[in-house]
Undergrad: 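Let me begin by handing over the structure; questions about it come next.
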Amino acid sequence: MGSRNRLVVDFQRNYIEFNGAKYCIKDDSTNKFHGESMKFGDLETPIYRYNDRVTHVFWRNDQLLKAVITIAGHFIKASNLTSIFQVLVSDNHPVIQIIDWIQIQNFGSTEDVKIDNFSLIDCQPEEKNEVAKRLYSDEFLQKITNNFTSLLQGFQVAPALLTSKSIDVNNIKIFYSYWVDLNHLIKMNYLIGFLKAWEAGNNSKLMFLSVHFGEGFELDVGGIVHRLAHEFKLIDGNEENTFEIKGNDDLIAEIAIPEDGRSFKLFIA
């Protein structure tokens with residue numbers, strides 16, 4: 001996406017911002033300024049130009065999600081965007097539909113459209129389990145390029161979370177991460193796969209990874225070291241319970257697993 005094309009899609013507050021111009025979706029029953037309209041794709045809808053930078057777009061109140069998707073899709077297709085700068089999602093709308101919109105189709109663009117920054121505040125209670133499974137997946141995270149933030153909580157399933165493919169996201173922030181355990185980080189091939197990709201010269205942006213566990217959970221330090229030794233040529237580090245793996249580019253990955261099993265750290269030097 002060129003410097004002039006910056007698209008923000010806010011599902012929480014029902015607006016789209018494109019190159020500094022904001023399009024706020026409003027219930028059509030509040031439209032007191034009948035007359036002017038604007039076309040988004042094949043659909044023409046009433047509008048009111050609030051000022052030079054803000055336009056109110058009137059839509060049926062029961063179709064506000066469709067409005068946001070339609071208008072965002074219009075700008076993506078019309079400008080043939082390759083990325084969306086930001087997507088913000090909350091429980092205002094069914095989140096599963098938004099995830100499907102992001103993941104399943106390509107917004108009408110001829111390019112593979114990515115999302116630079118994605119934030120999820122929450123979703124509706126009845127869809128939490130399904131949202132968790134879809135959100136914390138290789139397929140969805142491969143759509144994100146810069147920042148992924150999730151405040152999702154209250155689901156019962158244990159998502160797979162980065163099980164196989166290489167994910168190129170600068171920052172992954174998961175709040176309420178009590179469900180993350182050893183199965184996600186070690187036995188489900190996340191760390192092994194990630195380190196193998198790094199050893200081969202991929203994941204070059206990685207500098208530091210730190211995982212801390214709360215009360216009631218401890219890593220199986222011996223089991224982790226055994227698994228790492230099986231997959232890599234481990235070199236003992238300078239301190240107890242530290243190990244090194246050499247990458248193809250002569251960088252060194254230093255792994256530290258304190259004896260208490262409460263944390264796991266990875267440094268690239």
Side-chain angles (χ1 to χ4, degrees), residues 1-25 38-43 45 55 57 59 63-121 123 127 130-152 159-174 197 202-205:
M1 183 174 65
S3 59
R4 293 183 296 108
N5 290 326
R6 185 177 185 270
L7 180 66
V8 174
V9 184
D10 191 327
F11 288 97
Q12 181 185 19
R13 289 166 288 190
N14 296 323
Y15 77 76
I16 294 91
E17 184 177 321
F18 184 61
N19 293 339
K22 185 177 291 187
Y23 299 84
C24 302
I25 316 299
M38 182 176 288
K39 200 169 186 179
F40 299 100
D42 296 329
L43 185 63
T45 186
T55 298
V57 180
W59 216 280
Q63 294 186 356
L64 297 183
L65 173 59
K66 179 181 178 181
V68 177
I69 288 175
T70 299
I71 297 173
H74 163 74
F75 288 118
I76 293 167
K77 186 174 183 179
S79 299
N80 200 28
L81 302 184
T82 58
S83 67
I84 303 172
F85 177 74
Q86 183 175 29
V87 173
L88 179 62
V89 182
S90 72
D91 58 357
N92 284 2
H93 302 293
V95 173
I96 289 176
Q97 294 184 35
I98 298 172
I99 291 176
D100 287 346
W101 177 70
I102 292 171
Q103 186 173 327
I104 294 175
Q105 51 93 25
N106 214 28
F107 312 103
S109 173
T110 60
E111 303 291 336
D112 180 21
V113 181
K114 302 290 189 180
I115 296 173
D116 294 340
N117 304 286
F118 176 87
S119 298
L120 172 69
I121 296 176
C123 69
E127 61 175 354
E130 190 60 34
V131 166
K133 288 192 291 185
R134 298 191 193 192
L135 191 70
Y136 300 123
S137 68
D138 296 330
E139 291 73 19
F140 185 80
L141 287 169
Q142 283 184 316
K143 279 283 188 181
I144 316 302
T145 61
N146 192 24
N147 294 299
F148 172 90
T149 302
S150 173
L151 284 77
L152 184 64
L161 186 58
L162 306 176
T163 58
S164 58
K165 301 176 183 178
S166 176
I167 305 298
D168 189 17
V169 183
N170 284 337
N171 296 291
I172 296 178
K173 298 179 182 179
I174 300 175
N202 300 317
N203 298 327
S204 58
K205 295 180 180 179

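In what follows, residues are counted from 1 in the order of the sequence shown. As a basis for the values below, the full set of heavy atoms in this structure was taken, side chains included, without hydrogen atoms, waters or symmetry mates.
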Undergrad: What residues form a side chain to side chain contact (heavy atoms under 4.5 Å, CB included) with Gln86, not counting sequence neighbours?
TA: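 Counting only residues at least two positions away or on another chain, Gln86 forms a side chain to side chain contact (heavy atoms under 4.5 Å, CB included) with Val8, Asn117.
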Undergrad: Mind checking the CD1-CG spacing from Ile76 to Leu7? Nearest 0.5 Å is all I need.
TA: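 Going from CD1 on Ile76 over to CG on Leu7, the span is 5.5 Å.
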Undergrad: Measuring from atom OG1 of Thr45 to atom CD1 of Ile25, what distance do you get when rounded to the nearest 0.5 angstrom?
TA: 8.0 Å
Undergrad: Determine whether Asp91 and Ile121 satisfy the following criterion, side chain to side chain contact (heavy atoms under 4.5 Å, CB included), listing intermediate values before the conclusion.
TA: CA-CA 7 Å; Asp91 58 357; Ile121 296 176; over 6 Å; no
Undergrad: Considering only heavy atoms from C-beta outward, does the side chain of Leu64 approach that of His93 to under 4.5 Å?
TA: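 Touching, per the 4.5 Å side-chain cut-off.
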Undergrad: Does Val113 reach the side chain of Ile84, with side-chain heavy atoms less than 4.5 Å apart?
TA: yes
Undergrad: Please check this pair: side chain of Glu127 against backbone of Ile96, looking for a donor-acceptor N/O pair closer than 3.5 Å.
TA: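 At least one qualifying donor-acceptor pair exists.
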Undergrad: So, does Lys114 use its side chain to make a donor-acceptor pair with the main chain of Gln142 at under 3.5 Å?
TA: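 Yes.
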Undergrad: Looking at CE of Met38 and OG1 of Thr55, how far apart are the two atoms once the value is rounded to the nearest 0.5 Å?
TA: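 It comes to 5.0 Å.
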Undergrad: Can you list the residues that meet the side chain to side chain donor-acceptor pair (under 3.5 Å) rule with Asn92, with sequence neighbours excluded?
TA: none
Undergrad: What distance do Thr70 atom OG1 and Leu43 atom CG have between them, rounded to the nearest 0.5 Å?
TA: 6.5 Å
Undergrad: Please list, chain by chain and in numerical order, all residues satisfying ring-ring contact (aromatic ring centres under 6.0 Å, His included) with Phe75, sequence neighbours excluded.
TA: Phe18, Tyr23
Undergrad: Working to the nearest 0.5 angstrom, can you tell me the gap between Thr145 OG1 and Asp116 CG?
TA: 4.0 Å
Undergrad: List the residues meeting side chain to side chain donor-acceptor pair (under 3.5 Å) with Ser150, not counting sequence neighbours, and say none if there are none.
TA: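 Partners of Ser150 under the side chain to side chain donor-acceptor pair (under 3.5 Å) test: Tyr136.
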Undergrad: Given side chains that start at C-beta, do those of Ile69 and Phe11 come closer than 4.5 Å, heavy atoms only?
TA: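 Yes, close enough: below the 4.5 Å cut-off.
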Undergrad: Mind checking side chain to side chain donor-acceptor pair (under 3.5 Å) for Asn171 and listing every partner two or more places apart, or none if nothing turns up?
TA: Asn147
Undergrad: How long is the gap from CZ on Arg6 to OG on Ser83, to the nearest 0.5 Å?
TA: 11.0 Å
Undergrad: Phe118: which residues meet the ring-ring contact (aromatic ring centres under 6.0 Å, His included) condition with it, sequence neighbours left out?
TA: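 Once residues adjacent in sequence are excluded, the partners of Phe118 under the ring-ring contact (aromatic ring centres under 6.0 Å, His included) criterion are Phe140, Phe148.
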Undergrad: Taking the side chain as every heavy atom from C-beta outward, state whether Ile99 and Glu130 have any pair of such atoms under 4.5 Å apart.
TA: no
Undergrad: Under the side chain to side chain contact (heavy atoms under 4.5 Å, CB included) rule, what do Val9 and Ile115 come out as? Steps first, then yes or no, please.
TA: CA-CA 10 Å; Val9 184; Ile115 296 173; over 6 Å; no
Undergrad: Contact between Ile71 and Trp59 at the side-chain level, heavy atoms closer than 4.5 Å - yes or no?
TA: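 SC-SC contact between Ile71 and Trp59 confirmed.
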Undergrad: Under a 4.5 Å cut-off applied to non-hydrogen side-chain atoms, are Leu120 and Val131 in contact?
TA: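 In short, these two side chains touch, coming nearer than 4.5 Å.
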Undergrad: If you take all heavy atoms of Val95 and Ser90, which pair is closest and at what distance?
TA: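 Reported closest heavy-atom pair: CG2-O, 3.5 Å.
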Undergrad: For a 4.5 angstrom cut-off between non-hydrogen side-chain atoms, does Asp100 reach Arg134?
TA: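 Contact flag for Asp100/Arg134 side chains = yes.
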